[in-house]
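Reminder, nothing fancy here: chain letters follow the sequence lines and each chain counts from 1. Predicted model only: the values in this text are computed from it and were never measured.
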There are 2 protein chains.
Amino acid sequence: MLSLLSKLVSIMQQELDRLKELSLAEHLGRLHRLWRTVADVELTPLGLTHPRWTALWKLLRLGDNVSQKVLADALEIELASLMRTLGQLEEQGLVERHCCDKDKRARIVSLTSAGLDVLKQMEARIIQVRRELLAGISATELSEFERIISLISDNASAKLAKVTDTIL
Amino acid sequence: MLSLLSKLVSIMQQELDRLKELSLAEHLGRLHRLWRTVADVELTPLGLTHPRWTALWKLLRLGDNVSQKVLADALEIELASLMRTLGQLEEQGLVERHCCDKDKRARIVSLTSAGLDVLKQMEARIIQVRRELLAGISATELSEFERIISLISDNASAKLAKVTDTIL
DNA sequence: ATTATTTACTTAGCCTGCTAACTAAGTATA
DNA sequence: TATACTTAGTTAGCAGGCTAAGTAAATAAT
């Protein structure tokens with residue numbers, strides 16, 4: 001009788017594990033989408049979507065005149081993915097792309113005065129969004145959270161690198 | 001002299017805050033993409049991509065014969081997003097869609113025997129991937145991590161709901 | 001010096017999230 | 001009963017990740 005019960009418990013435990021299995025990846029995706037949506041809602045009045053304001057912001061932090069490649073690396077996305085976004089920002093007149101004298105392959109991205117204007121307007125809103133989304137989370141909890149993100153990211157990167165090695 | 005120094009420190013602090021501002025959203029996106037990529041690499045041999053195996057898995061957990069709407073809700077994606085995935089799974093012969101007698105609007109999704117086969121093969125691989133990605137993270141840290149994800153998600157959902165209210 | 005490799009950029013096209021707009025079926029109300 | 005609203009499914013098209021494949025410039029190797 002007891003063994004049957006413990007067997008049942010063990011089966012339930014397995015089921016729970018399976019459910020949790022998915023939930024982390026799912027919740028991660030959901031959180032990412034939610035965060036983007038919230039930021040989008042807040043910033044669309046400025047004509048900015050998540051990838052666009054992220055690029056603008058990073059560009060400012062990188063000190064403006066950097067190559068597209070450097071910007072893509074800083075944003076941790078592929079250069080090809082950045083192209084579309086930069087094209088849109090250029091159309092909106094927020095950035096400019098110039099040829100580089102030193103390296104004729106490269107194109108240097110810089111903020112226009114309109115771009116700087118928009119960045120100023122963005123700043124307050126982004127900080128506000130972040131504050132609202134992180135409400136009720138202490139600094140300690142937050143840094144712990146970020147630590148775990150880094151840990152999992154490192155595991156994933158390492159695993160991908162290994163796979164690539166195996167194939168090559 | 002001292003006041004100038006403390007002013008400088010305060011400015012640096014602000015800069016740091018601004019940098020951290022972005023990093024969380026960015027790292028979240030990066031982690032999500034990485035996780036998906038790793039899972040994809042592991043499961044493509046079975047002809048499965050992330051959305052596909054997630055849908056299969058959830059379908060099994062929901063007890064098979066559910067409507068597309070129920071499945072979409074469980075996956076926390078829009079029904080329209082699920083349509084394409086279910087179409088692909090149907091093409092692969094892993095699921096079937098039947099009309100529902102009780103509600104002629106609804107279509108019931110069920111796993112085929114081929115679908116169940118694939119699920120069996122999936123199981124070990126997914127658990128392995130999860131184990132590798134979560135290597136070096138204790139159960140306590142993990143549950144804390146998930147708690148923070150939920151907290152931020154709740155904040156984001158609440159904020160979005162508020163925005164919708166304001167507009168309506 | 002010439003050739004081979006690497007690097008930055010670009011284009012094209014896939015994937016899967018989304019919203020918008022439509023149909024058909026069920027439900028509620030006048 | 002007839003009309004209005006809601007809900008499930010569907011299609012179409014956008015957004016922004018990605019890889020693949022090509023060009024031109026820079027660098028390394030012979």
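Among the atoms of the strands shown, only primed sugar atoms or phosphate atoms (P, OP1, OP2) are found under 4.0 Å from some heavy atom of B:Arg97. Within 4.0 Å (heavy atoms only), A:Ile77 reaches sugar-phosphate atoms of the nucleic acid but no base atom. Within 4.0 Å of B:Arg33, counting heavy atoms only, lie sugar-phosphate atoms of the nucleic acid but no base atom. Note on B:Thr37: nothing from the nucleic acid sits closer than 4.0 angstrom, heavy atoms only.
Relative to the side chain of B:Ala80, the nucleotides D:dG17, C:dA8, C:dT19 differ in distance, and C:dT19 lies closest. Out of C:dG26, D:dG16, D:dC18, the shortest distance to the side chain of B:Arg105 is found at C:dG26. Closest contact between the side chain of A:Lys104 and the listed nucleotides D:dC18, D:dA12, D:dA26 involves D:dA26. Comparing atom distances between the B:Gln68 side chain and each of C:dC18, D:dG9, D:dA26 picks out D:dG9 as nearest. Of the listed nucleotides (C:dG26, C:dT16, C:dC9), C:dG26 has the atom at the smallest distance from the side chain of B:Asp103.
Not one side-chain nitrogen or oxygen of B:Gln88 sits closer than 4.0 Å to the OP1 or OP2 atom of C:dC15. At D:dC18, one or more side-chain N or O atoms of A:Ser81 fall inside 4.0 Å of OP1 or OP2 (strictly under the cut-off).
Because its NZ or CZ atom is not both nearer than 6.0 Å to the ring centre of B:Trp35 and within 45° of the ring axis, B:Arg33 does not count as a cation-pi partner of that residue.
The distance between atom CD of B:Gln92 and atom P of C:dC15, rounded to the nearest whole Å, is 11 Å. Look at NE2 on B:His98: it is 17 Å from C1' on D:dA8, rounded to the nearest Å. Straight-line distance from the CG atom of B:Leu82 to the P atom of C:dT19: 14 Å, rounded to whole Å. Here the P atom of nucleotide C:dT16 and the CG atom of B:Leu48 are 11 Å apart, to the nearest Å. Spacing between atom CE of A:Met83 and atom C1' of D:dA21 amounts to 15 Å, rounded to whole angstrom units. Between the P atom of C:dT6 and the CG atom of A:Leu79 lies a distance of 18 Å, rounded to the nearest Å. In this structure, the CD atom of A:Glu78 is 16 Å from the C1' atom of C:dA12, given to the nearest Å. Here C:dC14 presents its P atom at 17 Å from CG of B:Asp40, a figure rounded to the nearest Å.
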Quick one: side chains of residues 73-81 of chain A, donor-acceptor pairs under 3.5 Å with protein atoms, not counting sequence neighbours, listed by atom name and distance.
unit_1: A:Asp73; atom_1: OD1; unit_2: A:Lys69; atom_2: NZ; d: 3.4
unit_1: A:Glu76; atom_1: OE2; unit_2: B:Arg30; atom_2: NE; d: 2.7

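Comparing A:Ala106 and B:Thr85 by the nucleotide of DNA chain C whose heavy atom lies nearest to each, the residue mapping closer to the 5' end is A:Ala106. Map A:Thr49 and B:Lys69 each onto its nearest nucleotide of DNA chain D; the residue landing nearer the 5' end is B:Lys69. Nearest-nucleotide positions on DNA chain D for A:Arg84 and A:Lys102 put A:Arg84 closer to the 5' end.
From A:Leu43, atom CG reaches atom CD1 of A:Ile126 across 5.5 Å, with rounding to the nearest 0.5 Å. The CD1 atom of A:Ile148 lies 6.5 Å from the CD1 atom of A:Ile152; values are rounded to the nearest 0.5 Å.
Every pair passing side chain to side chain donor-acceptor pair (under 3.5 Å) that includes a residue from residues 85-94 of chain A is listed here, sequence neighbours excluded: A:Arg52-A:Gln88, A:Arg52-A:Gln92, A:Glu90-A:Arg97.
With hydrogens and angles ignored, the 3.5 Å screen pairs no side-chain donor or acceptor of B:Glu132 with any backbone N or O of B:Val129.
Judged by distance alone with a 3.5 Å cut-off, no donor-acceptor contact links the side chain of A:Arg36 to the base of D:dG17.
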